[in-house]
Amino acid sequence: MTDRLIGAIEAGGTKFVVALARPDGTILAEARIPTETPATCFPAMAQFFRAAEAEHGKIAAFGVASFGPIDIDPASPAYGTFTTTPKPGWAGARFQDALGEFGARIVVDTDVNGAALGEWERGAGHGCTTLAYTTVGTGVGVGVLRDGKSLMGFSHYEGGHIGVAHDKTADPYAGFCPFHGDCLEGLAAGPAIKARWGQSLSEAGSPPERIALIADYIAQLAVNLVLLHMPDRLIFGGGVMKTSGLVEALRAATERRLAGYIKAPQLDPGLVKYIVTPGLGDEAGITGAIALGRRALS
Ligand code: ZN
């Protein structure tokens with residue numbers, strides 16, 4: 001019997017990574033498509049899968065791990081539709097419209113939930129009952145899994161937009177979030193760093209006080225994740241987290257802010273095992289999209 005092939009889509013704010021994969025995760029074809037607008041991106045995506053099908057065989061299911069906000073409630077009539085995204089052209093765009101011609105089942109979740117799933121199955125989250133995955137890049141996003149299932153309420157979580165303590169004397173930057181100004185994303189995502197210092201955290205040669213400032217904002221999310229979800233581990237990925245010294249500063253700031261309140265074997269001294277970077281590196285997203293596709297198969 002031939003494999004039932006999976007179409008996997010990691011839909012990011014800058015680019016889509018699209019892949020045709022076997023259920024075991026083997027990637028048969030892969031491409032990158034600029035996100036731009038649905039009018040250019042969706043036809044290019046469909047064209048990739050048409051060509052991949054012609055070469056490798058019928059696609060049985062699609063797994064989509066996407067930027068948002070997006071409707072990820074399978075019971076909703078708008079499942080798979082972008083909602084209030086400020087990204088021009090994307091509000092109202094729907095994956096089912098772009099992929100309907102293939103007649104395959106489609107599972108849609110957020111990019112961070114997808115990455116969390118990838119890490120839970122094959123990366124740094126392996127063995128965790130509750131796992132939180134955060135990306136700090138062009139934005140800040142959080143996904144929480146329990147037993148490999150992403151948690152949500154009436155919509156997916158928006159942990160990147162929590163309010164954080166902001167000392168305007170130490171850090172006069174007003175924040176860039178169009179909704180909240182100085183929410184976590186508004187203060188600590190890549191664009192905030194660039195707007196504040198004119199360069200990325202790593203380009204700046206990583207002065208310790210800059211790293212400490214950003215680490216302390218992110219630590220406030222880490223503390224809230226512990227308090228609200230008691231995860232077995234926290235994974236922090238994304239472009240900003242690649243800054244040398246940042247994860248170490250984040251561990252220190254989180255431990256200081258937790259202030260010894262939570263006593264549990266999961267919280268090792270120094271949080272070296274508790275707060276980690278992705279085991280799959282940049283492959284977490286597409287691995288998660290393939291995992292979502294695998295779920296669509298079953
Ligand atoms: Zn915000």
Side-chain angles (χ1 to χ4, degrees), residues 11-14 35 65-73 78 81-93 109-116 132-144 150-201 210-229 231 234-243 246 249-250 253-254 257 275 285:
T14 314
T35 305
S66 177
F67 74 92
I70 186 164
D71 189 327
I72 60 162
D73 177 3
T81 307
F82 288 95
T83 56
T84 55
T85 177
K87 212 169 203 6
W90 283 94
D109 210 327
T110 64
D111 45 7
V112 280
N113 284 342
Y133 180 98
T134 302
T135 180
V136 186
T138 52
V140 179
V142 186
V144 181
S150 58
L151 300 182
M152 63 179 290
F154 63 81
S155 180
H156 55 76
Y157 296 160
E158 287 286 1
H161 292 265
I162 61 165
V164 289
H166 178 198
D167 176 351
K168 289 178 183 156
T169 311
D171 177 23
Y173 178 61
F176 81 97
C177 177
F179 294 92
H180 318 111
D182 61 351
C183 65
L184 173 61
E185 179 171 299
L187 288 174
I193 291 164
K194 207 129 199 179
R196 193 190 274 108
W197 295 308
Q199 51 195 345
S200 75
L201 210 50
R210 292 187 183 179
I211 289 180
L213 181 75
I214 298 304
D216 189 58
Y217 291 137
I218 303 169
Q220 296 182 56
L221 170 67
V223 168
N224 282 319
L225 286 170
V226 173
L227 298 176
L228 291 168
H229 293 288
L234 308 180
I235 301 176
F236 283 85
V240 172
M241 288 310 302
K242 290 179 181 169
T243 305
L246 183 57
L250 170 61
T254 304
R257 283 185 170 273
I275 295 181

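Every number for a ligand or one of its atoms is a count from 1 in the order of the listing.
- No donor-acceptor pair under 3.5 Å is formed between the side chain of R196 and the backbone N or O of A188.
- At least one donor-acceptor pair under 3.5 Å links the side chain of E185 to the backbone N or O of V140.
- Residues M152 and N113 form no side-chain contact, since every pair of their non-hydrogen atoms from C-beta on lies 4.5 Å or further apart.
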Inset, instruction - Decide side chain to side chain contact (heavy atoms under 4.5 Å, CB included) for L246 and F236; before the verdict, give the C-alpha distance in whole Å, the side-chain angles of both, and the deciding distance to 0.1 Å. - result: CA-CA 10 Å; L246 183 57; F236 283 85; over 6 Å; no

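- For the Zn ion (ligand 1), protein N, O or S atoms under 2.8 Å: 4 in total.
- Residues that satisfy the side chain to side chain donor-acceptor pair (under 3.5 Å) test with T81, not counting sequence neighbours, are R94.
- Two residues are said to be in side-chain contact when any heavy atoms from C-beta on lie closer than 4.5 Å; V142 and V112 fail this criterion.
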